[in-house]
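Note: hydrogens, waters and symmetry copies are ignored here, and every other heavy atom, side chains too, is used. When a residue number appears, it is its place in the shown sequence, counting from 1. A quick note: this is a predicted structure, and the numbers were derived from the prediction, not measured.
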Amino acid sequence: MKKILSGNSLKVLAVASMTVDHVGAVLFPSQIWMRCVGRLAFVIYAFLIAEGYFHTHNVKKYMGRLGFLAIVSEIPFDLVFHHTFVYWGSQNVFFTLFLGLVGLYLMDRIKLRLQPQFWFCALIPVAAMCLAAGLLQCDYRYYGILVITLFYMARDYRWAAFGGIAVIQVWMGWIQSFGIAALIPIALYNGKKGNGGKLLQWIFYFYYPVHLLIIYGIWRYAG
């Protein structure tokens with residue numbers, strides 16, 4: 001199978017899927033097909049977090065960017081989905097991505113200090129991040145952490161990762177099972193970042209809160 005998609009190509013696909021999902025959820029709630037299309041987004045983002053962690057030269061800056069975007073995006077997220085500036089009952093997906101990345105970092109740090117027969121103990125921070133995602137009511141909760149972790153741990157066994165992630169998606173429910181379709185473009189990933197540089201990177205980051213504010217503005221005007 002020829003690998004034709006770069007990391008940036010996957011990001012474009014994830015952004016498009018996410019946009020369809022959010023427009024459907026807020027403006028066209030009866031159009032379930034839009035929510036189904038949107039299930040591809042998180043699986044792709046989870047894969048990109050695992051790949052980003054593997055390739056990054058500075059994981060702490062990477063975590064800092066995700067944490068910053070999680071905080072910046074929370075008010076737009078609450079406005080769109082809960083119609084209030086602050087809602088503590090759920091947190092946006094950037095918190096999930098941030099916790100997943102922290103889990104990978106801590107897992108590797110602990111693994112370096114352990115004998116191979118005790119490597120299973122390195123999963124403790126992953127379990128802690130799953131618990132944190134549940135307590136904070138982050139998007140995708142512990143499922144999201146598990147998907148990110150599985151993509152990373154089975155990076156050299158891609159089809160095994162795909163099988164495990166497919167099981168998780170089905171376990172989450174019939175709509176979430178459409179996320180399995182995201183494994184097709186991921187299988188076409190060529191390992192390259194793609195063109196665009198830092199500017200495109202920040203456009204991808206800030207698209208999330210900006211598009212939420214635009215959707216909220218349309219909802220307010222249309223309402």
Side-chain angles (χ1 to χ4, degrees), residues 5 7-49 52 65-101 133-134 136-145 147-148 151 165 168-169 172-186 196 200-223:
L5 297 179
N8 284 340
S9 298
L10 289 178
K11 287 178 183 178
V12 169
L13 181 58
V15 163
S17 170
M18 176 185 67
T19 303
V20 171
D21 181 42
H22 292 167
V23 169
V26 178
L27 303 178
F28 305 102
S30 64
Q31 301 299 312
I32 301 300
W33 69 269
M34 300 180 77
R35 308 308 312 280
C36 295
V37 169
R39 297 314 95 203
L40 278 69
F42 180 80
V43 178
I44 296 173
Y45 279 127
F47 172 76
L48 291 171
I49 289 294
R65 289 194 297 270
L66 287 178
F68 173 71
L69 264 295
I71 294 170
V72 167
S73 301
E74 190 57 24
I75 288 178
F77 176 81
D78 289 342
L79 285 171
V80 167
F81 294 107
H82 306 291
H83 313 314
T84 182
F85 277 96
V86 179
Y87 179 77
W88 300 107
S90 68
Q91 318 307 324
N92 72 77
V93 74
F94 266 96
F95 281 103
T96 312
L97 299 176
F98 170 75
L99 292 174
L101 180 61
L136 292 172
Q137 298 291 295
C138 298
D139 254 8
Y140 292 91
R141 296 176 176 79
Y142 70 89
Y143 295 106
I145 307 300
V147 171
I148 293 169
F151 268 131
I165 287 161
I168 292 173
Q169 295 301 118
M172 291 173 68
W174 75 270
I175 289 183
Q176 294 294 344
S177 66
F178 283 89
I180 295 172
L183 300 177
I184 297 173
I186 290 172
L200 186 60
Q201 179 187 58
W202 283 104
I203 290 174
F204 280 131
Y205 277 134
F206 279 101
Y207 181 85
Y208 183 75
V210 170
H211 95 283
L212 289 177
L213 287 174
I214 292 172
I215 292 172
Y216 176 72
I218 294 172
W219 175 81
R220 287 279 295 184
Y221 178 79

[atom2] on [Y] to [atom1] on [X], rounded to 0.5 Å:
| X | Y | atom1 | atom2 | value |
| --- | --- | --- | --- | --- |
| Phe95 | Ile71 | CZ | CD1 | 5.5 Å |
| Leu5 | Ile44 | CG | CD1 | 9.0 Å |
| Phe77 | Gln91 | CZ | CD | 7.5 Å |
| Phe98 | Ile145 | CZ | CD1 | 10.5 Å |
| Leu99 | Ile49 | CG | CD1 | 11.0 Å |

- Sorted by first residue and then second, give each side chain to side chain donor-acceptor pair (under 3.5 Å) pair with at least one member in residues 74-85; sequence neighbours left out.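 Checked against side chain to side chain donor-acceptor pair (under 3.5 Å) - neighbours excluded - the pairs reaching residues 74-85 are Glu74-Asn92, His82-Ser90.
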- Task: Write out all pairs satisfying side chain to side chain donor-acceptor pair (under 3.5 Å) with one or both partners inside residues 7-18, taking only residues at least two apart or from two chains.
- Result: Ser6-Ser9
Please name all residues satisfying side-chain hydrogen bond (donor to acceptor under 3.5 Å, both in side chains) with [X], sequence neighbours left out, ordered by chain then number.
| X | result |
| --- | --- |
| Gln31 | Trp33 |
| Ser73 | none |
| Tyr216 | none |
| Arg35 | Asp21 |

- Any pair with a residue in residues 89-99 that passes salt bridge (Lys or Arg N to Asp or Glu O under 4.0 Å), sequence neighbours left out, goes on the list, sorted by first then second residue, please.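 Every candidate salt bridge (Lys or Arg N to Asp or Glu O under 4.0 Å) pair involving residues 89-99 fails, so no pair, neighbours aside, qualifies.
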- Item | Pairing residues for Tyr45 by the ring-ring contact (aromatic ring centres under 6.0 Å, His included) criterion, not counting sequence neighbours |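 Counting only residues at least two positions away or on another chain, Tyr45 forms no ring-ring contact (aromatic ring centres under 6.0 Å, His included).
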- Could you list the residues that satisfy ring-ring contact (aromatic ring centres under 6.0 Å, His included) with Phe151, not counting sequence neighbours?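 Scan of Phe151 (ring-ring contact (aromatic ring centres under 6.0 Å, His included), adjacent residues dropped) gives Phe47.
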- Message: Do Phe42 and Asp139 make a side-chain contact, defined as non-hydrogen atoms from C-beta onward lying under 4.5 Å apart?
- Response: no
- Task: Could you check Tyr140 against Gln176 for side chain to side chain contact (heavy atoms under 4.5 Å, CB included), going step by step and ending with a plain yes or no?
- Result: CA-CA 10 Å; Tyr140 292 91; Gln176 294 294 344; 3.4 Å; yes
- Task: For side chain to side chain contact (heavy atoms under 4.5 Å, CB included), just list the numbers for Ile148 and Leu97, CA-CA rounded to whole Å, side-chain angles, deciding distance to a tenth of an Å, and then say yes or no.
- Result: CA-CA 8 Å; Ile148 293 169; Leu97 299 176; 4.1 Å; yes
- Would Val37 and Phe178 satisfy side chain to side chain contact (heavy atoms under 4.5 Å, CB included), going step by step from the backbone distance to the final call? CA-CA 7 Å; Val37 169; Phe178 283 89; over 6 Å; no
Smallest separation among heavy atoms of [X] and [Y], with atom names:
| X | Y | answer |
| --- | --- | --- |
| Gly7 | Leu48 | O-CD2, 4.1 Å |
| Gly144 | Thr96 | CA-CG2, 4.1 Å |
| Ile32 | Trp174 | CG2-CH2, 3.9 Å |
| Leu79 | Leu213 | CD1-CD2, 4.3 Å |
| Gln169 | Ile180 | CB-CG1, 3.9 Å |

Enumerate donor-acceptor pairs with a distance under 3.5 Å from any side-chain N or O in residues 204-212 to protein atoms, sequence neighbours excluded.
unit_1	atom_1	unit_2	atom_2	d
Tyr205	OH	Arg65	NE	3.4
Tyr207	OH	Thr19	OG1	2.7
His211	ND1	Tyr207	O	3.1
His211	ND1	Tyr208	O	2.7
His211	NE2	His22	ND1	2.8

- Query: Can you name the residues that form a side-chain contact (heavy atoms from CB on, under 4.5 Å) with Ile203, not counting sequence neighbours?
  - Reply: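 Counting only residues at least two positions away or on another chain, Ile203 forms a side-chain contact (heavy atoms from CB on, under 4.5 Å) with Leu199.
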- List in chain and number order the residues that pass salt bridge (charged side-chain N to carboxylate O under 4.0 Å, His left out) with Arg141, two or more places apart in sequence or in another chain; answer none if no residue qualifies. none
